[in-house]
Amino acid sequence: MAVAILPDGSRKEIPDGSTIKALADGIGKRLGQAAVAGEIDGTVVDLTTRLTGEKQVKILTDRDPQALLVLRHSAAHVMAEAIQRIWPGALLAYGPALDNGFYYDIALDQPISSSDFARIEKEMASIIAEDRPFVRYELPFAEGLKRLEAEGNRYKVDNAQRAQQAGSACLSWYVTGEKGRNWEDLCMGPHIPSTGRIKGFKVMSVAQSHWHGDVTSDRFQRVYGTAFFDKKQLDEYLHLLEEARKRDHRVLGPQLGLFAIDDAVGQGLVLWKPKGAVVRQELQNFISEHLRRQGYHQVFTPHIGRLGLYKTSGHFPYYRESQFPPLVDREFISQKAAEGCSCAQLSNLMEAGEIDGYLLKPMNCPHHIRIYASEPHSYRDLPIRLAEFGTVYRWEKSGELGGMTRVRGFTQDDAHLFCMEEQVPAEVLGCLELVKIVLGTLGMNNYRVRVGLRDPDSAKYVGDPAQWDRAEAACLAAAQSLGVAFTKEPGEAAFYGPKIDFVVKDVIGREWQLGTVQVDYQLPQRFDLSYIGADNKSHRPVMIHRAPFGSMERVIGVLIEHFNGSFPLWLSPVQAIVLPISQKTSAFAQQVMEQLRAAGVRVEMDDSADKIGAKIRSASLQKIPYQLVVGEKEAAVNKVAVRHRNADQGQLDVEELLARLQQEIATKGVAEAVV
RNA sequence: GCUGCCAUAGCUCAGUGGUAGAGCGCGUCCUUGGUAAGGACGAGGUCGAGGGUUCAACCCCCUCUGGCAGCUCCA
């Protein structure tokens, strides 16, 4: 007899060699029907897997997230079969399940386009309608490899060899139906019992990918799809995508007049329009206030610096690929021209950085370092915390650019802390607390923290191992005391020191890397920074780089989506709008507006010829939090009828309203309703 | 950067080898209306840029620029 220990701890004896399906049927008819796959000692397996000995067993139904992955992997097979029906020459490579669907990498000369999706879906539907079972069979490596080689699909041969290296016992195939008659694919499984379990599916997109993710290697067409146990879940998913699309900052930002990206200005360069500038300015004021409280000093530095500065810092030429090309000194060019230097030679000199010229700054640290170095320092001065909303420029590859979250010019809420090594733990902690306050104020409490540590086996990290140990310990201790979940990520440290990244999840579940805190021993050394210690000797300070938001562009892009454009009052570009019922009350409306404006509220007035319903509609579409309706009834008693985020608040005195607005602004209340 | 798709009015998009259309927005006028769209009229387009094929190109071909998706990359 075999023994299955079920998740509730109960033991179930069944004949040795029974399948999981039989076990499920034995527990209950409905469980047997609902069963999709099994889990033995934590490994997901087919329902046809046979049980021996004593094992922890779980029956997976369509409610289990792991079962959804199985379904999607099976859907990938169905899609691959459909594609091969249409294009018999298509070579399959690899087709895994994903969190939100699946894909299959396919080598096919003819491009698959979105106009082909309907055809693919039609073939898939017919395969699903046949409700064919997934049947596994196995072959020993030698025999299996021989067969794959004969079939001439080197990707599958490669997959098989990798399976062998990974220690698999044999090779397995899955037939969708009857062996020898139906479609099959080399696959480790597991799969759902039959194709009919796929009730909702859709081919989503197609894109290019590369074999083993190597750009220089063979190219595949990666066809993405998604699948669900239930058509309704598919519809919900598609609806969610639609919602996400609607709150996309690239759509909402221009719609709300926050920013524009203009081809004439350049790819990845953001134009902040007046309303977007308000949001940014408010955020910067908010950070500045905390900087003052934490003993920072704000500085300003130029957008460019001499090339030599970045050679010292190591940014040039090491990172020249991701920098704008240098601005070459005019006289240097003339002199080289006089010497008979060709364009190609000049270009080579530029690549090598062997020119006199300037660089658009890719980072603020060298400038801040030169501020530090501009005067001698005593240990009594430390830590010195220099902060700047510093604009940097990076030559992101054109394919990487997108909206405000990936741009070529952006402003970091940057700061560099110069301290003694023993001050590192306290300073790192202070930085983390700042990030926590900043994110918490915006209601972004759903984040995780990654502590990037060095990979002890890698040579890319510079500096003294003992120093690394202390810095890593400080980062870990600080992360721990923060009281939020964090993960250690060996190999993710910067080459100059460990770092702590904040990855924020927005309201629709997408993750964004925002804030970062990095410990750096390297730059102080490169720039030969020093301070005079209590022992009257020269010592090397440690630097900490930190940016709670990372970049103003990215954080505001994320915030637009997080709030769906309905910013909390303190950030709203227009906080209130006065809506006169008719022009009879426009004088009173004007007076209300002026009164609020004089008190510092960002208020406007809709004096158009529209009726009140249309005025409310357009104010609502602009997501203006307070709509102040004034008609003859209000004018008579010197009040306004208040709508707050489309909820009627009744009539209020202007003074009462003002007090309420000021209170809400001062407390930086997060919008309670995301409309 | 690579691959695929895309580019028509301020926005969202129709459309045809014989030099263009809708809705929204915008302007003017009428209406002065009470909580998410009152009505009429009107203006607005080198059909992304450059080249080619053609009697004729917004449409077909090539190049470029830009956008989207993905791959790869992100100090």
Side-chain angles (χ1 to χ4, degrees), chain A residues 98 103 105 108 110-117 204-224 245 248 250-251 254-255 257 260-268 310 313-316 318-323 361-366 392 394-403 405-408 410 412 493-497 499 501 513 516 518 520 522-523 545 550-551 554 579-586 608-622 627-634 641-643 646-650 675:
Chain A
L98 303 169
Y103 66 79
D105 276 345
L108 174 67
Q110 187 187 340
I112 298 175
S113 83
S114 51
S115 57
D116 299 314
F117 292 176
M204 303 296 290
S205 62
V206 60
Q208 179 205 232
S209 64
H210 299 91
W211 195 23
H212 297 177
D214 176 359
V215 201
T216 61
S217 186
D218 296 19
R219 288 199 284 258
F220 297 133
Q221 299 191 64
R222 179 170 292 181
V223 185
Y224 285 85
R245 199 189 63 77
D248 187 329
R250 292 168 302 185
V251 176
Q255 233 167 51
I261 296 177
D262 181 355
D263 189 12
V265 174
Q267 252 190 317
Y310 302 98
S313 71
H315 294 118
F316 198 98
Y318 188 57
Y319 290 114
R320 73 175 181 282
E321 295 292 302
S322 45
Q323 288 164 184
K361 67 178 174 186
M363 297 194 90
N364 298 304
C365 25
V392 298
R394 298 182 188 180
W395 187 261
E396 301 284 355
K397 287 184 284 184
S398 63
E400 311 302 345
L401 299 169
T405 48
R406 199 75 185 267
V407 290
R408 282 184 174 163
F410 57 96
Q412 297 180 307
F495 71 90
Y496 50 71
K499 64 175 182 173
D501 289 333
Q513 200 214 297
T516 182
Q518 307 180 353
D520 179 4
Q522 189 59 15
L523 284 177
H545 309 239
S551 99
R554 176 173 286 183
L579 307 175
I581 296 277
S582 79
Q583 285 176 349
K584 284 182 197 153
T585 46
S586 63
S608 70
D610 284 334
K611 293 170 79 165
I612 192 64
K615 289 183 183 182
I616 286 170
R617 180 168 191 271
S618 75
S620 302
L621 290 175
Q622 283 298 302
Q627 299 163 2
L628 313 174
V629 177
V630 296
E632 292 184 279
K633 281 188 268 175
E634 286 76 20
V642 178
R643 284 172 61 96
N646 294 312
D648 194 344
Q649 309 286 302
V675 185

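All chains are named by letter (A, B, ...) in the order of the sequence lines, taking the proteins before the strands, and each is independently numbered beginning at 1. Every value quoted in this text rests on a predicted model; they were computed, and no experiment measured them.
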If I pick the [atom1] atom on [M] and the same atom on [N], what distance separates them, to the nearest angstrom?
N	M	atom1	answer
B/rU46	B/rU8	P	13 Å
B/rC47	B/rC11	P	16 Å
B/rG45	B/rC13	C1'	15 Å
B/rA20	B/rA37	P	37 Å
B/rA56	B/rU16	C1'	14 Å
B/rA40	B/rC59	P	36 Å
B/rU32	B/rG48	P	45 Å
B/rG15	B/rG21	P	15 Å

Starting the side chain at C-beta, find the nucleotide from [options] nearest to [X].
X	options	result
A/P362	B/rA36, B/rG38, B/rA75	B/rA75
A/Y224	B/rC74, B/rG70, B/rU35	B/rG70
A/H210	B/rA36, B/rG33, B/rC2	B/rC2
A/A641	B/rA75, B/rG34, B/rG67	B/rG34
A/R617	B/rA36, B/rU32, B/rG34	B/rA36
A/I616	B/rA75, B/rU65, B/rA36	B/rA36
A/N646	B/rA36, B/rA69, B/rG33	B/rA36
A/E632	B/rA37, B/rG34, B/rU3	B/rG34

Which is true for [X] with a 4.0 Å heavy-atom rule: it touches a base, it touches only sugar-phosphate, or it touches nothing?
X	result
A/K615	nothing
A/Q522	nothing
A/R394	base
A/A609	base
A/S618	nothing
A/R643	base
A/P254	nothing
A/Q255	nothing
A/G613	sugar-phosphate
A/I581	base

Distance in Å, [X] [atom1] paired with [Y] [atom2], rounded so as to fall on 0.5 Å steps:
X	Y	atom1	atom2	value
A/R643	A/L628	CZ	CG	11.0 Å
A/K584	A/E632	NZ	CD	5.0 Å
A/S398	A/R408	OG	CZ	6.5 Å

For [X] and [N], is the shortest distance between a side-chain N/O and OP1 or OP2 below 4.0 Å?
X	N	answer
A/Q221	B/rU3	no
A/Q583	B/rU32	no
A/S398	B/rG1	yes
A/K397	B/rC71	no
A/R250	B/rA69	yes

Quiz prompt | Whole-Å distance separating the NZ atom of A/K633 from the C1' atom of B/rU35 | solution =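 Result: 10 Å.
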
Practice problem: May I have the distance from A/L621 (atom CG) to B/rU35 (atom C1'), rounded to whole angstrom? | Solution: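 These atoms are roughly 14 Å apart.
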
Practice problem: Please confirm whether any donor atom in the side chain of A/R406 sits under 3.5 Å from an acceptor in the base of B/rC73, or the reverse. | Solution: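 Present.
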
Does [N] have a Watson-Crick or wobble partner in any strand here, with both distances under 3.5 angstrom, and which is it?
N	answer
B/rG45	none
B/rC13	B/rG21
B/rC59	none
B/rC71	B/rG1
B/rU28	B/rA40
B/rU54	none

Quiz item: Closest approach of A/P580 and A/I612, non-hydrogen atoms and distance?
Solution: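 Taking A/P580 first and A/I612 second, the nearest heavy atoms are O-CD1, 4.2 Å.
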
Quiz prompt | Minimum heavy-atom distance A/T585-A/V630, with the two atoms named | solution =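 Heavy atoms of A/T585 and A/V630 come nearest at OG1-O, 3.2 Å.
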
Exercise. Please work out which of the three classes, parallel, tilted or perpendicular, describes the rings of A/F220 and A/W211, given edges at 30° and 60°.
Key: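 Correct class here is perpendicular.
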
Self-check item: Earlier contact from the 5' end, RNA chain B, for A/G268 and A/R219
Solution: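 Between the two, 5'-proximity favours A/R219.
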
Quiz item: Which comes earlier along RNA chain B counting from the 5' end, the contact point of A/H315 or that of A/E400, where each point is its nearest nucleotide?
Solution: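 Its nearest nucleotide lies further toward 5', so the answer is A/E400.
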
Quiz item: Counting N and O atoms only, with roles assigned by atom type, does the side chain of A/E396 sit under 3.5 Å from a partner on the main chain of A/R394, one being a donor and the other an acceptor?
Solution: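 No.
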
